[in-house]
Number of protein chains: 2
Amino acid sequence: MSTDIDTSSKSLSGKRISESTINRLSLYYRALSLLEKEGYETVSSKVLARREKLTPAQVRKDLSFFGSFGTRGLGYPVADLKKEIAVILGIDRVWRVALVGIGNIGSALVSYKEFARQGFQIVKLFDNDQRKIGSNHKGIIVSDINNLATELAEDNIEMVVLTVPATVAQYIVDEIVKAGIKAILNFAPVNLKVPDDIYLRNENMSMELEYLSFAIVNNHTQKKVKL
Amino acid sequence: MSTDIDTSSKSLSGKRISESTINRLSLYYRALSLLEKEGYETVSSKVLARREKLTPAQVRKDLSFFGSFGTRGLGYPVADLKKEIAVILGIDRVWRVALVGIGNIGSALVSYKEFARQGFQIVKLFDNDQRKIGSNHKGIIVSDINNLATELAEDNIEMVVLTVPATVAQYIVDEIVKAGIKAILNFAPVNLKVPDDIYLRNENMSMELEYLSFAIVNNHTQKKVKL
DNA sequence: AATGTAATGTGAAAAGCTTCACAATTGAAT
DNA sequence: ATTCAATTGTGAAGCTTTTCACATTACATT
Ligand SMILES: NC(=O)c1ccc[n+]([C@@H]2O[C@H](COP(=O)([O-])OP(=O)(O)OC[C@H]3O[C@@H](n4cnc5c(N)ncnc54)[C@H](O)[C@@H]3O)[C@@H](O)[C@H]2O)c1
Ligand SMILES: NC(=O)c1ccc[n+]([C@@H]2O[C@H](COP(=O)([O-])OP(=O)(O)OC[C@H]3O[C@@H](n4cnc5c(N)ncnc54)[C@H](O)[C@@H]3O)[C@@H](O)[C@H]2O)c1
């Protein structure tokens, strides 16, 4: 047993948390939000697992990387665990996000209230189309892409959502990196080159449809593919 | 059963193909399309890997699950390999897709020409909003959600893209399943329950933003960029 | 024909991730 | 106070995926 006073969360130094674990934390967070609304005070790994189609062992293992949040015999305190996960994921704060490319998908994302509710506030929009620059989208005036660097800095932007055509995505991402942004969510179906210290995630919808196509054609089972 | 002579593709019975391998096939396909446009006739696993930030061994291993498509000393024939992958993924044909929920994100997806170019043709739209039913989106008249089952069948729809509010997603998905659809791409941030024989994929954008948030806050060293 | 070079295809090793299984702990019931 | 039931936290086992390394093959050059 530990003799010192344990402040629930563990130090992560030296530990490598897998991408899958991080993604599952998002699922736990979502499930806990719902459980909280439904009035649950505690939840077992078994119930939490069932809610997101995972296994109880997986839930416990994932959480154990970050601390001991549960009570043996009882389960996890819903509200507290939710807060803990928010801290781990870094969503216990507001992130100032800019979006570049106010086209079809960009407009849809700006209108999406759930992002702001999760702490991701889109506060800046950029485009290169003169008809769009200066126009108002959900209370935000679209800025000229030529002012990207200065306005990103002025507004303390920390993340950028990129929804420009694939043909210009690499050029724009280079500008975003030059401006000092460290995290980018890209929707263009192209493999962007960024320095090692930039966090880049890609949203690839065609890939998901192609997965479905493969599944049907090869008569494959959801988790483990059997041909 | 089959007494066919062996064609270039391997017999895959009993072999398990990982989800990652399938996803990487999509990336190879994308890279090959580009290489073809650029005029390349052959490509080595080394070059193909560099194009999508993977390793040459991974490329060769992935492809080897499905056959021997390359020539030692030379590499892979670009156009042929592209066709082979199209067959494997089942995108050497047109898929008839319906979209349910013509809101912000649904409208963006309907306008997205790249899907059709990849063989995913959105040919049917459904909504429950009287102001939307009967209206024209990119040449498609929005149908009443109440006619879902009959119209999906009449139109030989094989996949559904679901872009309705999270609160009604489970109800709608039940109807879609009842109508005999086997593949669904869901955008609502909710864990949908479907029978084992239904292929369901989820597009979760909040999860990607939360990953970025985690990465920044924890100064997370990423092994690889998420596909 | 022989040699050199490039690059595949693939078993085997290494690394990574998930599941197992159980001691430990808590709260409730007797 | 003791027993019982529930459930966590975790090392170890089991499984999957990735990487390694090299024999093999094809073509070009001499
Ligand atoms: N629409 C979808 O459903 C969908 C789905 C998946 C992926 N995508 C991808 O998302 C991206 C955007 O798609 P879309 O359908 O919204 O396209 P779109 O043409 O509607 O929007 C692109 C926007 O980017 C702006 N833009 C172009 N060049 C720019 C530049 N140099 N600087 C700043 N802004 C610039 C345009 O003015 C336009 O507003 C594309 O890469 C597309 O492949 C779209
Ligand atoms: N907008 C985004 O950028 C975004 C991003 C990620 C996820 N999502 C998710 O996608 C879904 C749609 O988001 P949105 O922003 O487009 O919302 P939206 O409200 O603009 O669109 C939803 C559409 O579904 C229709 N609808 C509602 N109930 C229906 C029913 N019973 N049958 C048929 N149609 C019905 C509505 O009439 C509307 O047209 C939501 O689940 C949302 O969480 C949206």
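Letters A, B, ... mirror the listed sequences (proteins, then strands); counts begin at 1.
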When A:T71 and B:V43 are each assigned the nearest nucleotide of DNA chain C, the 5'-most assignment goes to B:V43
It should be established whether B:T55 places a side-chain nitrogen or oxygen under 4.0 Å from OP1 or OP2 of nucleotide D:dT19.
yes
Quick one: B:I17 CD1 to D:dT17 P, roughly how many Å, whole number?
10 Å
Where the side chain of A:R72 is concerned, which of C:dT18, C:dT25, C:dT8 is the nearest nucleotide?
C:dT25
Once you apply a heavy-atom cut-off of 4.0 Å, does B:S45 come out as touching a base, just sugar-phosphate, or nothing?
sugar-phosphate
Could you tell me if the side chain of A:F120 sits less than 4.5 Å from the side chain of B:S213, heavy atoms only?
yes
B:F69 atom CZ is separated from C:dG9 atom P, nearest whole Å, by 9 Å
Return the nearest nucleotide to the side chain of A:K61; candidates are C:dT19, C:dA7, D:dG9.
C:dT19
Calculate the interatomic distance between B:R16 atom CZ and D:dT16 atom C1'; express it in whole Å.
9 Å
Just call it for A:K46: base, sugar-phosphate, or nothing, with non-hydrogen atoms closer than 4.0 Å on any strand.
nothing
Enter the distance from A:N104:CG to B:K113:NZ here, rounded to the nearest 0.5 Å.
8.0 Å
When the distance from CD of B:Q58 to C1' of C:dT10 is rounded to whole Å, what number comes out?
14 Å
To the side chain of A:A57, which of D:dT7, C:dT10, C:dT19 is closest?
C:dT19
Any side-chain heavy atom of B:L27 sitting closer than 4.5 Å to one from A:M207?
yes
May I have the distance from B:Y28 (atom OH) to C:dT8 (atom P), rounded to whole angstrom?
12 Å
Check the distance between D:dA26's P and B:E41's CD and give it to me in whole angstrom.
19 Å
Which value, rounded to the nearest 0.5 Å, describes the distance between B:E203 atom CD and B:T163 atom OG1?
12.0 Å
Grab the CG-P distance between A:L54 and C:dC17 for me, whole Å please.
16 Å
Which residue, A:G73 or A:G70, contacts DNA chain D at a nucleotide closer to its 5' end, judged by nearest heavy atom?
A:G73
Side-chain N or O of A:Y76 versus OP1/OP2 of C:dT26: is the shortest distance under 4.0 Å?
no
Minimum-distance nucleotide to A:R60 side chain [options: D:dG9, C:dT19, D:dT17]
D:dG9
Atom pair CG/CD of A:L32 and A:E38 - distance to nearest 0.5 Å
11.0 Å
Whole-Å distance, B:E19 CD to D:dT18 C1', equals 16 Å
